[in-house]
Amino acid sequence: SKMKIWKIDFLNYGVAVGINSLFGLIAGFMLVIYFLFEPTLKSNSNGVEAPIFNIEKFVVYELTKDGLKGVLNGSNGVRYKDRYEIDDIGYMDRSKKFVATMSANHGLYKDDVVELNKDVVYTRDDGLICKSEQAKYDKKISTAFVDVKYICRMGKNSVEGSKFEYNNQ
C-alpha cells in the first residue's frame, strides 16, 4: 500500500509531509511545550501572591513501596509555589515507631515541616495526647516542637509547661 502524502501550504511554500511525520511533529511540539513552559504566578492588584490551586474537603495519601506512610487532610487547602496552607488540618505520620496524629484549625506545610495553629492536638498510638495553641512538626526528624503553654497526658499522668520538644522515633 502507498503511504498517503498530505500537502500543507505553509506560508505559501508547498511542503509534502507523510501523516506519521505530521503527527510526530505535533507530538514533538507538544512535548516541548510540556517540558519547557511553566505557568507564571502573578500577584493580584493588592500585591498578594496568587495561589496555584484551591481544593475543598480533601485527603492526600502518601504511599511508599512499604505501604501507607502518611495522610494529610483538611476542609480547605491552598497550594502556593512553595507551600500548602490548610484549614482544619489533620496529619498522620506512620513512618516511625509510633503513629503520630496532629490536628489544628490552621496549618502550613512547607519543606516537610507542618506548622499548626489554634486548638492543636498531638496524639500517638501509645496513648500520649498533647494540646496547645501552636506546634511545629518536622517530618524529616519526626520531632514535634511547642513554644507556648501546653498540657500532655498519658493515662493518669499529665504534664504542663511552656516549651516542649518530642522525638517520635
> For Val113, which residues count as a side chain to side chain contact (heavy atoms under 4.5 Å, CB included) partner, sequence neighbours excluded?
Replying inline: Glu115, Lys136, Asp138
>> For Gly90, is there any backbone N or O sitting under 3.5 Å from a side-chain donor or acceptor partner on Asn73?
In response: yes
>> For the CZ atom on Phe58, are there more than 12 heavy atoms of other groups (residues, nucleotides or ligands in this structure) within a distance under 6.0 Å?
In response: yes
> Just how far is it from atom CG of Leu72 to atom CG of Asp93, taken to the nearest 0.5 Å?
Replying inline: 11.5 Å
> If you look at every heavy atom in Ala135 and Val146, which pair is closest and at what distance?
Replying inline: CB-CG2, 3.8 Å
>> I'd like to check the side chain to side chain contact (heavy atoms under 4.5 Å, CB included) partners of Thr64; sequence neighbours left out, ordered by chain and number.
In response: Asp66, Lys69
> So which pairs with a foot in residues 115-149 pass disulfide bond (SG atoms under 2.5 Å apart), sequence neighbours left out?
Replying inline: Cys130-Cys152
> In chain order, what residues pass the side chain to side chain contact (heavy atoms under 4.5 Å, CB included) check against Glu160, with sequence neighbours excluded?
Replying inline: Lys149, Ile151
> Residues in side chain to side chain contact (heavy atoms under 4.5 Å, CB included) with Glu85, at least two apart?
Replying inline: Tyr80, Arg83, His106, Leu108
> What distance do Leu128 atom CG and Thr101 atom OG1 have between them, rounded to the nearest 0.5 Å?
Replying inline: 11.0 Å
>> With clusters defined by side-chain heavy atoms of hydrophobic residues (ILVMFWY) lying less than 4.5 Å apart, directly or transitively, does Phe164 cluster with Val121?
In response: no
>> Working to the nearest 0.5 angstrom, can you tell me the gap between Glu56 CD and Asp88 CG?
In response: 11.5 Å
>> Count I, L, V, M, F, W, Y as connected when their side-chain heavy atoms are under 4.5 Å apart, and connections chain through other members. Are Val60 and Leu116 then in the same cluster?
In response: yes
> How would you list, by chain and number, every residue that makes a side chain to side chain donor-acceptor pair (under 3.5 Å) with Asp112, sequence neighbours excluded?
Replying inline: Tyr109
> Out of curiosity, Thr143 OG1 to Glu165 CD, how far, rounded to the nearest 0.5 Å?
Replying inline: 6.0 Å
> Honestly curious: do Val148 and Ile129 fall in one hydrophobic cluster under the side-chain, below-4.5 Å linking rule?
Replying inline: no
> Can you tell me how far CG of Asn54 sits from CZ of Arg79, rounded to the nearest 0.5 angstrom?
Replying inline: 13.0 Å
> Do the side chain of Arg153 and the main chain of Gly155 share a donor and acceptor less than 3.5 angstrom apart?
Replying inline: no
> For the residue pair Tyr137 and Tyr91, does the interplanar ring angle fall in the parallel (under 30°), tilted (30 to 60°) or perpendicular (over 60°) class?
Replying inline: tilted
> So which heavy atom on Val120 is nearest to which on Ala104, and how close?
Replying inline: CG2-CB, 3.9 Å
> Measuring from Asp111:CG to Lys140:NZ, what's the distance to the nearest 0.5 Å?
Replying inline: 6.0 Å
